[in-house]
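See structure below.
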Amino acid sequence: MSFTIYARMKKLGKQKKADIVPVPFVLEKKPECVRDLLDGLVRLGVRDYNARKDAGQILPYLTKEEILDQASAGKVSFHVHQGEDAQEEQAVENAIQCFEDGIYRVFADEEELTELTQGIPWKDGEEPIFTFIRLAMLAGCYW
């Protein structure tokens, strides 16, 4: 059974709050704690990355808006990836280590989630929107 969550990704100083739109992510199961949330999102990201890399699609074009958005972040690219597949286990370990080292922070609505074993604050009929804020620009994380 799959479970959909909504998350926003932010880099400090580069985006306005109004520009950060929640994105749906379909996980294999409902996460019960922060570790489950990170594990599910990273595994999904690795699978998506490997699928895009292997698709061999023709270079996409960039719209004017995409060019301006990427330019404000300091790099304009087509996001073409080559080489070996990313490894799920290694990526999960990296994401967990980055969380423990304070490279990024995780929020459920306005509540910061600070421990890997901390439960997700699910509310009846209302699911939190997760926000991930990358604090270090060279974190090695793909969001």
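Atom set for the values below is all heavy atoms of this structure, side chains included, hydrogens, waters and symmetry mates excluded.
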Checklist entry - With clusters built from Ile, Leu, Val, Met, Phe, Trp and Tyr whose side-chain heavy atoms come within less than 4.5 Å, directly or transitively, what are the remaining members of the cluster of Val26, listed by chain and number? => result none
Checklist outcome for this item: In this structure, CD1 of Ile129 is separated from CD1 of Ile5 (nearest 0.5 Å) by 10.5 Å
Checklist entry - Cluster question for you: counting only ILVMFWY and a side-chain heavy-atom cut-off of under 4.5 Å, with indirect links fine, are Phe107 and Leu135 together? => result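 In one cluster with Phe107: Leu135, yes.
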Item to check | same_hphob_cluster(Val23, Leu41) at 4.5 Å side-chain heavy-atom cutoff | outcome: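 In one cluster: yes.
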Item to check | Least distance between heavy atoms, Ala86 atom then Asn50 atom | outcome: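 What the structure gives for the nearest pair is N-OD1, 2.8 Å.
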Next on the checklist: How close do Gln87 and Val46 get, counting heavy atoms only, and between which atoms?
Outcome noted: C-CG1, 4.3 Å
Item to check | Residues in side-chain hydrogen bond (donor to acceptor under 3.5 Å, both in side chains) contact with Glu89, at least two apart in sequence or another chain | outcome: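 Residues passing side-chain hydrogen bond (donor to acceptor under 3.5 Å, both in side chains) with Glu89: Arg43.
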Item to check | By side-chain hydrogen bond (donor to acceptor under 3.5 Å, both in side chains) - contacts of Glu112 (at least two apart) | outcome: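 Glu112 satisfies side-chain hydrogen bond (donor to acceptor under 3.5 Å, both in side chains) with Arg105 only.
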Next on the checklist: The criterion is side chain to side chain contact (heavy atoms under 4.5 Å, CB included); which residues satisfy it with Leu44, sequence neighbours excluded?
Outcome noted: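 Checked Leu44 against side chain to side chain contact (heavy atoms under 4.5 Å, CB included); matches are Phe25, Leu27, Asp48.
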Next on the checklist: List the residues meeting side chain to side chain contact (heavy atoms under 4.5 Å, CB included) with Ala108, not counting sequence neighbours, and say none if there are none.
Outcome noted: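 Ala108: side chain to side chain contact (heavy atoms under 4.5 Å, CB included) contacts with Leu113, Pro121, Pro128, Phe130.
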Checklist entry - Taking side chain as C-beta onward, heavy atoms only, is Val106 less than 4.5 Å from Gln118? => result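 No, too far: nothing below the 4.5 Å cut-off.
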Item to check | Val92 backbone acceptor or donor facing Asp39 side chain under 3.5 Å | outcome: no
Item to check | ring-ring contact (aromatic ring centres under 6.0 Å, His included) partners of Phe3, counting only residues at least two apart | outcome: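 Phe3 satisfies ring-ring contact (aromatic ring centres under 6.0 Å, His included) with Trp122 only.
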Item to check | Pairs satisfying side-chain hydrogen bond (donor to acceptor under 3.5 Å, both in side chains), at least one member in residues 26-37, at least two apart | outcome: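 Pairs touching residues 26-37 that pass the test: Glu28-Arg47.
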Item to check | Derivation and outcome, side-chain contact (heavy atoms from CB on, under 4.5 Å), residues Leu38 and Leu116 | outcome: CA-CA 9 Å; Leu38 298 177; Leu116 289 170; 3.9 Å; yes
Would you tabulate the side-chain donor-acceptor contacts of residues 95-103 under 3.5 Å, counting partners in other chains and residues two or more places apart, or write 'none'?
unit_1 : atom_1 : unit_2 : atom_2 : d
Gln97  : NE2    : Asp101 : OD1    : 2.9
Gln97  : NE2    : Asp101 : OD2    : 3.3

